[in-house]
Amino acid sequence: MLRTHTCGELGSTHVGASVTLCGWVDEYRDHAGIVFVDLRDRYGLTQIKFALSDGSETQTLARGLRHEDVIRVTGEVVSRPADMHNSKLATGAIEVRGSTLELLNKSKTPPFQPNGRDLPNEELRLTYRYLDLRRAELQRNLEMRHKLAKLTRDYFDAQGFLEIETPMLGKSTPEGARDYLVPSRVHPGHFYALPQSPQIYKQILMVAGYDRYYQIARCFRDEDLRADRQPEFTQIDVEMAFVEREDILSTIDGLISSFVSGIRGQCLKLPLQRISYAEAVEKYGSDKPDLRFGMELIDVAEIAKSCGFGVFKTAIESGGRVRGFVAPQAAERYSRKDIDGLTDFVKDYGAKGLAFFRVKEGKLDSPIAKFFGDADQQALIAKLGAKDGDLLFFVADQPKVTTAALGALRTRLGKELKLYDPNDFSCFWVLDFPLVTWNAEENRWDAEHHPFCSVYDEDVPHLKDDPSKVRALSYDLVCNGYEAASGSIRIHDPKIQQRVFDLIGISEEEAENRFSFLLDALRYGAPPHGGIALGLDRWVMLFAGGDNIRDVIAFPKTQKASDLLSGAPGPVDMKQLRDLHIKTDLPAV
RNA sequence: GGGGCCGUAGCUCAAUUGGUUAGAGCGCCGGACUGUCGAUCCGGAGGUUGCGGGUUCAAGUCCCGUCGGCCUCGCCA
């Protein structure tokens with residue numbers, strides 16, 4: 001080893017010891033006769049002191065040190081004078097009196113300093129990711145990621161699970177997300193697909209008798225990115241055989257509990273709360289609501305249908321809904337202009353408008369208040385439980401639109417009004433998703449979760465008469481408004497599987513083409529089984545208190561899915577393309 | 001595919017209704033300094049205002065296009 005200690009571990013107990021440290025020059029303060037260097041590694045900072053009496057060669061070298069130079073220093077640990085302790089530093093009671101200094105590597109002047117107070121723009125951070133990763137925040141995040149992975153492995157190992165790898169080069173199954181394709185050299189015109197998830201393989205492992213499987217698996221989806229979505233991401237993938245829904249939920253309850261105790265040292269109350277999909281959507285306008293605050297949606301159809309406001313009345317008459325909620329004590333906080341902004345916001349979700357009222361002296365104050373008689377006003381106030389100073393919002397539209405618009409508005413206002421402590425941790429199950437939802441554009445039923453999802457026994461008859469009523473044996477784990485895990489009990493009966501395929505418009509022939517290996521496997525003694533997958537990146541983000549997934553991934557991609565560090569994706573040689581039997585057909589420039 | 005925000009010195013930002021030589025802090029370079037820890041003090045260098053076009057007597061500022069980054073709707077079985 002080139003060093004005897006790290007830059008984070010020396011303290012008063014080491015005084016008098018001769019030590020050798022290695023690291024990066026975080027900061028230097030040159031006083032000519034004395035030079036201070038804050039030496040940094042991922043464990044911390046240690047102040048090195050170079051004084052004249054230590055010798056002129058070292059002194060000259062020390063005075064030439066600049067930000068991010070990599071050095072090796074040997075010297076004695078000495079106590080700092082009592083009034084010179086630095087309480088901001090874990091090692092602030094001591095310093096190392098540098099006697100020999102070795103410049104291991106001179107750094108170019110960095111485009112930004114990892115200790116800087118102004119965070120440079122993300123483009124630059126991604127281009128020089130190795131500098132960005134030197135920042136304490138990102139180092140903490142990656143350490144958190146490691147801890148979660150370790151807790152995961154410890155937990156499942158203790159429960160008798162096996163970690164089993166599944167292929168990265170698989171078969172394209174065009175359902176679901178767009179695949180990343182990998183051309184085959186030896187099979188001209190054929191392609192592998194990178195896995196969107198190990199779904200089919202893990203089910204086959206169940207058939208094969210590996211009744212407790214997990215894997216920390218990389219997944220790939222060629223879809224547009226978001227703050228919480230990357231084209232390649234990591235799932236904690238789990239599958240169990242001979243289990244019912246309850247077994248999966250309690251297994252994952254235990255995992256989350258181990259996360260919370262391992263990361264935060266807190267005890268999580270189990271079992272985690274559960275609510276139905278129907279309740280989530282009705283009360284909060286989302287299947288992944290943030291339950292760190294209330295602000296529940298309230299249906300005011302009874303008042304709307306008979307009021308004098310045409311927009312409300314017409315909505316009800318044409319099969320729509322009128323719902324709203326109370327933004328507590330927000331009447332003064334939101335100006336007319338602010339509310340115009342909120343109106344634009346809900347339009348993104350299909351709403352045609354946003355009705356609002358301020359509650360003043362027991363009455364409603366709004367440009368549209370005149371359409372509401374005294375009785376209607378009092379009825380609205382009573383129905384919503386509103387108080388003076390509150391701001392009421394309503395959306396009148398088709399049911400789906402009221403849900404999407406109000407759900408999004410609720411989330412936004414909860415944050416803006418600081419209705420919760422950002423350090424709160426809310427985690428609960430959403431159960432009983434519909435098996436399918438109607439896709440009006442394509443005129444067919446789409447699987448809500450995926451085509452292998454099982455259903456309540458008593459709902460099976462509805463597969464024929466009313467598919468919208470069929471409840472899936474699926475479950476999402478929702479944490480602070482993020483979908484943090486999602487899974488289901490799978491179909492293990494090929495006949496039921498075929499009925500579901502029929503329903504979502506996958507013909508027998510098509511199913512054979514796409515999934516024959518799974519369907520075949522199910523015919524050779526498939527145990528009842530089910531599973532779940534947790535988004536590791538999102539969990540790290542949640543525990544790190546961040547709001548974007550890039551900060552918990554060492555080398556993330558930009559919104560256009562490029563890697564600014566490496567330049568990927570990039571062009572390849574013609575020879576490579578020829579080997580792969582590929583011709584490109586690019587749009588004319 | 002759609003909507004929005006952004007791009008000025010190495011970095012973070014400023015620059016009046018379009019108006020003279022595009023500024024500041026940090027960083028960088030040189031100098032001073034033996035107790036600093038966001039060191040301090042003195043001096044200096046550093047700009048194709050992302051790129052291309054247009055309007056104008058005059059463009060960092062207005063318009064069109066384009067590239068890049070971020071947020072978002074659609075999309076994400």
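Letters A, B, ... mirror the listed sequences (proteins, then strands); counts begin at 1.
Of the two residues near RNA chain B, A:Glu448 and A:Glu123, the one whose nearest nucleotide lies more 5' is A:Glu123. Comparing A:Pro111 and A:Arg66 against RNA chain B, the residue whose closest nucleotide sits nearer the 5' end is A:Pro111.
Atom OH of A:Tyr28 is separated from atom P of B:U40 by 12 Å (rounded to the nearest Å). Between A:Asp118 atom CG and B:A14 atom P there is a gap of 12 Å when expressed in whole angstrom units. Here B:A39 presents its P atom at 16 Å from CE of A:Met84, a figure rounded to the nearest Å. Between the P atom of B:C70 and the CG atom of A:Leu119 lies a distance of 14 Å, rounded to the nearest Å. The CG-C1' distance, from A:Leu564 to B:G68, rounds to 9 Å in whole Å. Distance, A:Lys415 NZ to B:C71 C1': 11 Å, rounded to whole Å. The distance between atom CG of A:Asn439 and atom P of B:G74, rounded to the nearest whole Å, is 13 Å. The distance between atom CZ of A:Arg63 and atom P of B:U34, rounded to the nearest whole Å, is 9 Å.
The two atoms that bring A:Glu95 and A:Gln47 nearest to each other are OE1-NE2, 2.9 Å, heavy atoms only.
With salt bridges taken as basic N to acidic carboxylate O contacts below 4.0 Å, one links A:Asp69 and A:Lys106. Here A:Glu223 does not pair with A:Arg221 in a salt bridge; the nearest charged N to carboxylate O distance is not below 4.0 Å. With respect to A:Arg444 and A:Asp446, a salt bridge is recorded, a charged nitrogen being found less than 4.0 Å from a carboxylate O. A salt bridge links A:Asp38 to A:Arg29: at least one charged side-chain nitrogen sits closer than 4.0 Å to a carboxylate oxygen. Taking the charged nitrogens against the carboxylate oxygens, A:Arg245 and A:Asp432 do have a contact shorter than 4.0 Å, which makes a salt bridge. A salt bridge links A:Asp551 to A:Arg125: at least one charged side-chain nitrogen sits closer than 4.0 Å to a carboxylate oxygen.
Counting heavy atoms from C-beta outward, A:Ile252 and A:Leu534 have side chains that approach closer than 4.5 Å. Within the 4.5 Å cutoff, the side chain of A:Leu409 has heavy atoms near those of the A:Leu354 side chain.
Not a single donor-acceptor pair, N or O on each side, falls under 3.5 Å between the base of B:G74 and the side chain of A:Glu223. Contact annotation: side chain of A:Arg226 to base of B:G74, donor-acceptor pair present below 3.5 Å. In the interface, the side chain of A:Lys49 is paired with the base of B:G35 through a donor and an acceptor atom under 3.5 Å apart. Between the side chain of A:Asp348 and the base of B:G4, no donor-acceptor pair of N or O atoms lies under 3.5 Å. In the interface, the side chain of A:Arg221 is not paired with the base of B:C76 through any donor and acceptor atom under 3.5 Å apart. Side-chain N/O atoms of A:Asp38 and base N/O atoms of B:C37 include no donor-acceptor pair closer than 3.5 Å.
With a 3.5 Å ceiling on both atom-pair distances, the Watson-Crick or G-U wobble partner of B:C13 is B:G23. The nucleotide B:U8 finds no pairing partner, because no Watson-Crick or G-U wobble arrangement with both distances shorter than 3.5 Å includes it. A 3.5 Å limit on both hydrogen-bonding distances identifies no Watson-Crick or G-U partner for B:G74.
When heavy atoms are screened at a 4.0 angstrom cut-off, A:Asp222 is found touching no nucleic acid atom at all. Nucleic acid contact class of A:Gln559 (heavy atoms, under 4.0 Å, all strands): base. At a threshold of 4.0 angstrom between heavy atoms, the contacts of A:Tyr349 are confined to the sugar-phosphate backbone, with no base atom among them. A:Gln230 comes within contact range of no nucleotide atom at all, as no heavy-atom separation falls under 4.0 Å. Among the heavy atoms of the strands lying under 4.0 Å from A:Lys88 are primed sugar atoms or P, OP1, OP2 only; no base atom is included. Residue contacts for A:Gln113: at a heavy-atom cut-off of 4.0 Å it reaches the sugar-phosphate backbone alone, with no base atom in range. Residue-level contact check: A:Asn86 touches the bases, meaning some heavy atom is under 4.0 Å from a base atom. Nucleic acid contact for A:Ser197: base, since at least one base atom lies under 4.0 Å from a heavy atom of the residue.
Closest to the side chain of A:Arg550, from the set B:G69, B:C71, B:U36, is B:C71. Comparing B:C70, B:A77, B:U12 against the side chain of A:His450 picks out B:A77 as the nearest. The A:Leu124 side chain lies nearest to B:C11 when the options are B:A39, B:C28, B:C11. With distances taken from any side-chain atom of A:Ala32 to the nucleotides B:C33, B:C76, B:U12, the minimum falls on B:C33. Among B:C71, B:U12, B:G1, the nucleotide with an atom closest to any side-chain atom of A:Asp224 is B:G1. Here B:A77 is the nucleotide among B:G69, B:G35, B:A77 with the atom lying nearest to any side-chain atom of A:Pro451. Closest to the side chain of A:Phe36, out of B:G35, B:G74, B:C11, is B:G35. Among B:C11, B:C70, B:C37, the nucleotide with an atom closest to any side-chain atom of A:Pro120 is B:C11. Checked against B:C11, B:A39, B:G27, the side chain of A:His31 finds its nearest nucleotide in B:A39. The side chain of A:His67 lies closest to B:C28, out of B:C28, B:A39, B:C73.
Using a 4.0 Å cut-off, some side-chain N or O of A:Arg29 falls inside it from OP1 or OP2 of B:A39. In this model, the phosphate group of B:C37 is not approached by any side-chain N or O of A:Ser87 to a distance below 4.0 Å at OP1 or OP2. Residue A:Lys560 places at least one side-chain N or O closer than 4.0 Å to OP1 or OP2 of B:G68.
Comparing the C1' positions of B:G7 and B:U12 gives an interatomic distance of 14 Å, to the nearest angstrom. Taking atom P on both nucleotides, B:U61 is separated from B:G50 by 8 Å, rounded to a whole Å. Here, B:G23 and B:U16 have their P atoms 13 Å apart, quoted to the whole Å. Comparing B:G52 with B:A15, their P atoms are spaced 25 Å from each other, to the whole Å. Between B:A59 and B:U20, the two C1' atoms lie 14 Å apart (nearest whole Å). The P atoms of B:G18 and B:G60 are separated by 13 Å, rounded to the nearest whole Å. Between B:C70 and B:U34, the two P atoms lie 49 Å apart (nearest whole Å). Spacing between B:A45 and B:G25 at atom P, rounded to whole Å, works out to 15 Å.
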Legend entry - Test salt bridge (Lys or Arg N to Asp or Glu O under 4.0 Å) applied to A:Glu483 and A:Lys288, step by step: CA-CA 6 Å; A:Glu483 180 192 311; A:Lys288 48 181 168 65; over 6 Å; no
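Both thresholds, 5.5 Å between centres and 30° between ring planes, are not jointly met by A:Phe112 relative to the base of B:C11, so the two rings are not stacked.
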